[in-house]
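Here is the structure we will look at, set down as structure tokens.
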Amino acid sequence: MKNLTKSIEGAMDLYPEAVRPVERSEVWSFLESKIREVMHRYGYSEIRTPILEYTSLIARGVGQNTDIVSKEMFTLERGRHSYVLRPEMTAPIMRSYIQHHLHQKPGVQRYFYMGPCFRAERPQKGRYRQFHQFGAEIIGTDDPRADAEIMTLMSEIFELFGISNQRLRINTLGDSDARSRYRDALVNYLTPFKEKLSQTSQDRLSRNPLRILDTKIEAEQTILEHAPLISEYISKDSLDNYELVKGFLTAVNIPFIEDPMLVRGLDYYCHTAFELEVDGIGAQNALAGGGRYDLLAPEIGAKHPIGAVGFAAGMERLILALNDCEEDLPCGPFTFEIWVIAIGESAHAAAFHVATQLRRSRFRVGMELGNRSLKAQMRLANHHKARYTILLGDQEIINETAIVKDMNTSEEESVDLIHIVKRITELLSHVSTSS
RNA sequence: GUGACCGUAGCUCAGGUGGUUAGAGCGCCAGGUUGUGGCCCUGGAGGUCGGGGGUUCAAGUCCCCUCGGUCACCCCA
């Protein structure tokens, strides 16, 4: 019998005060709000698309021969349709852009997103079956400043979180014409070495030869040393464009490493491609990646190419990279300004009333439910770092008062119940101005 | 999909070569204070040792299977 109280492999719960930062819900909301802030500052609006898409959209958009489509998709069949849990966000966003005629809006469109994606891989450090991506897209222009802006934005987000050892690697893949001519040249060069290549590389030689470039097998890297470079096949326009992108990056002090072997595993990329890596988060060291994808739109049904560039980053990997500076991440129990204590059942109603009044007055108020001793309730107030506790017992109910206790000084005062909100407001405004 | 290692309390982990009722620290609950937190002291709850099968007089410990986890290959965020 299957253990029913276990989440599925490679998918995790996020819950308060989890030991590992990557599972701690407070860490997630903290990071999400920071990311949102930066996105808004750069002028990006949030876009949310369904988690389910038609399988054909992803297959066409991402590319039939990619690893993602050929072996990593969670698909489900229902009736005559085949759906897929989205493995990435770019194709769905482009679909949405076309579907809602968003090109009709004035100016270029800037979008950001964050949410779960799914790939059926074996889980390991920094790689989960349900994982979360955040990213940004500029759609509607081929201006090289868009490429530079995307990388600048990406870099700033990681900089903001104190990730200083980031390395930005960039390359240009050229247009589709250059890519197909380069592809032929690479196949011509590699075919004589075919016997010396690994099985996967041999397969790729016919299906997706560019992917052989980022092999990690040393013998293959040696063979590739004298292979033709993609830069030799790229048009002058494209190279000029690449120079402009690099120039803009340099102008705003974004350091980068040019890597002519950098290729991307998704078919829709062309021209600018980039990857941001960092050490210390395991073998999956790519925090983010992206590039230009002008040809995605016609691939999924648009009449013409649509200039677009974007980046995608992994939330879980970001948190792993932050592990070292864990003191910057939220941890510990939820804190309250006020903790309301009822001593005995006769005080329950009054305590509930006081707590609700204060909550409606925008204070953060905690209260234990059930019948626990005063001592136990005080302990909870302390545990949650309440600044003041409000005590209500038999005597207070008779007098229509409450005891307000300052948890720092241990001083107590009696306050009429009708003035309780006013008094707490005074006390806490004093606290916030004096500290 | 392939490989290596690992599964003992809520958490972090002890439990040589099989041998009484499976332990510690932290956390949790209660008491020490008939209505007062943190510190301290005392006590308590909590484990089918991931699950199933086998070897044995005896299995947390050895063997097999299985389910998970972790890491790596591969690939990507």
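Basis for what follows: all heavy atoms, side chains included, without hydrogens, waters or symmetry-related copies. Each chain gets a letter, A, B and so on, in the order the sequences are listed, and its residues count up from 1.
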Hey, can you tell me if Phe311(A) and Phe134(A) have their rings parallel, tilted or perpendicular (30° and 60° cut-offs)? perpendicular
Shortest side-chain distance from Lys125(A), nucleotide among C29(B), C76(B), A72(B): A72(B)
Taking the C1' atom of each, how far is G27(B) from G68(B), in whole Å? 25 Å
Validation row, ring centre Tyr111(A) to ring centre Tyr44(A) under 6.0 Å: no
Applying side chain to side chain donor-acceptor pair (under 3.5 Å) to Gln64(A) and not counting sequence neighbours gives none
So the salt bridge (charged side-chain N to carboxylate O under 4.0 Å, His left out) pairs with at least one residue in residues 286-296 of chain A (sequence neighbours excluded) are Asp147(A)-Arg292(A), Arg292(A)-Asp294(A)
Nearest-Å distance once atom P is located in both C26(B) and G7(B): 24 Å
If you pin Asp406(A) and Ala376(A) to their nearest nucleotides in RNA chain B, which one's is more 5'? Ala376(A)
Donor on one side chain, acceptor on other, Asp394(A) and Ser346(A), under 3.5 Å: yes
Can you say whether a donor on the side chain of Arg127(A) sits under 3.5 Å from an acceptor on the base of C75(B), or the other way round? yes
Closest to the 5' end of RNA chain B, once Gly289(A) and Ala11(A) are matched to their nearest nucleotides, is Ala11(A)
Assign Gln395(A) to base, sugar-phosphate, or nothing according to its heavy-atom contacts below 4.0 angstrom with the strands shown. base
Scan Leu391(A) against the nucleic acid and name what it touches under 4.0 Å (heavy atoms): base, sugar-phosphate only, or nothing. base
For Tyr293(A) and Glu299(A), test the side chains for any donor-to-acceptor distance below 3.5 angstrom and give the result as yes or no. no
Taking salt bridge (charged side-chain N to carboxylate O under 4.0 Å, His left out) as the cut-off, I'd like each qualifying pair that reaches into residues 369-379 of chain A, sequence neighbours left out, listed once. Glu368(A)-Arg372(A)
Just to be sure I understand the rule, does Gly10(A) reach a base, reach only the sugar-phosphate, or reach nothing, if contact means heavy atoms closer than 4.0 Å? sugar-phosphate
Figure out the CG/C1' separation between Leu168(A) and A77(B), and round it to whole Å. 15 Å
Pairs where residues 7-35 of chain A contributes a residue and the test ring pair (Phe, Tyr, Trp, His ring centres under 6.0 Å) is met, not counting sequence neighbours: Trp28(A)-His132(A)
Between A59(B) and G18(B), how far apart are the P atoms? Round to whole Å, please. 13 Å
Determine whether any donor atom in the side chain of Glu277(A) lies under 3.5 Å from an acceptor atom in the base of C76(B), or the reverse, and answer yes or no. no
Does Gly126(A) reach a base, just sugar-phosphate, or nothing at all? Heavy atoms under 4.0 Å. base
Separation of atom CG in Asp67(A) from atom C1' in C76(B), rounded to whole Å: 9 Å
Extract from the structure each pairing of a protein N or O with an N or O of nucleotides 4-8 of chain B at less than 3.5 Å, listing the distance.
none

Taking atom C1' in both G46(B) and G1(B), compute the distance separating them and give it to the nearest angstrom. 41 Å
Counting side-chain heavy atoms from CB outward, which of G35(B), G31(B), U36(B) is closest to Glu412(A)? U36(B)
Heavy atoms only, 4.0 Å cut-off, all strands: where does Ala312(A) land among base, sugar-phosphate and nothing? sugar-phosphate
I want to check one thing: is the phosphate of C76(B), taken as OP1 and OP2, less than 4.0 Å away from some side-chain N or O of Gln284(A)? no
Test item: Asp416(A) side-chain N/O and Thr401(A) main-chain N/O as donor-acceptor pair under 3.5 Å: no
Would you classify Ala386(A) as touching base, sugar-phosphate or nothing, given that sugar-phosphate means primed atoms plus P, OP1 and OP2, and contacts are heavy atoms under 4.0 Å? nothing
Let's see if you can work this out: which of C76(B), A77(B), C74(B) has an atom nearest to the side-chain heavy atoms of Phe131(A)? A77(B)
Please tabulate, one pair per line, each protein N/O and nucleotide N/O from nucleotides 11-13 of chain B that are separated by under 3.5 Å, including the distance.
none

Flag, side chain of Ser96(A) to backbone of Pro92(A), donor-acceptor distance under 3.5 Å: no
Please name all residues satisfying side chain to side chain donor-acceptor pair (under 3.5 Å) with Glu23(A), sequence neighbours left out, ordered by chain then number. Arg20(A)
Of the nucleotides A30(B), A77(B), G37(B), which one has an atom closest to the side chain of Tyr269(A)? A77(B)
Sequence neighbours excluded - salt bridge (charged side-chain N to carboxylate O under 4.0 Å, His left out) pairs with any residue from residues 133-144 of chain A: Asp143(A)-Arg145(A)
Would you confirm whether the ring centroid of Phe334(A) sits within less than 6.0 angstrom of the ring centroid of Phe336(A)? yes
Given Watson-Crick and G-U pairs under 3.5 Å, RNA chain B in dot-bracket ([ ] crossing, | other strand) is (((((((..((((.....[...)))).(((((.......))))).....(((((..]....))))))))))))....
How far, in whole Å, is C74(B) from C6(B) if one measures between their C1' atoms? 22 Å
Under 4.0 Å, counting only non-hydrogen atoms across every strand here, what does Ile343(A) touch: a base, just sugar-phosphate, or nothing? base
From CD of Glu316(A) over to P of C76(B), roughly how many Å is that when rounded to an integer? 18 Å
When you measure only distances, ignoring hydrogens and angles, does the side chain of Glu72(A) come within 3.5 Å of the base of G1(B) through a donor and an acceptor? no
Using a heavy-atom cut-off of under 4.0 Å over every strand shown, decide if Arg264(A) touches base, sugar-phosphate, or nothing. sugar-phosphate
Would you indicate which nucleotide in A77(B), G35(B), A72(B) comes nearest to any side-chain atom of Ile403(A)? G35(B)
When the side chains of residues 347-357 of chain A are checked against the rest of the protein, which donor-acceptor pairs come out under 3.5 Å, sequence neighbours left out?
from, atom 1, to, atom 2, distance (Å)
His348(A), NE2, Asn371(A), OD1, 3.4
Thr356(A), OG1, Phe352(A), O, 2.8

Return the value, rounded to whole Å, for the distance between atom CG of Leu380(A) and atom C1' of U36(B). 13 Å
Of the listed nucleotides (C73(B), U70(B), G68(B)), which one gets closest to any side-chain atom of Glu9(A)? G68(B)
Does anything in residues 44-57 of chain A pair up under salt bridge (charged side-chain N to carboxylate O under 4.0 Å, His left out), and if so which pairs, sequence neighbours excluded? Arg36(A)-Glu46(A), Glu46(A)-Arg48(A), Glu53(A)-Arg95(A)
Can a donor-acceptor pair be found between the side chains of Glu77(A) and Ser82(A) at a distance below 3.5 Å? yes
Give a yes or no on whether the backbone of Arg129(A) and the side-chain of Arg119(A) come within a donor-acceptor separation of less than 3.5 Å. no
Show each protein N/O and nucleotides 38-46 of chain B N/O combination with a separation under 3.5 Å, one pair to a line.
from, atom 1, to, atom 2, distance (Å)
G38(B), O4', Asn382(A), ND2, 2.9
G38(B), O6, Ser410(A), OG, 3.4

Would the base of U36(B) count as contacting Gln377(A) through its side chain, where contact means a donor and an acceptor less than 3.5 Å apart? no
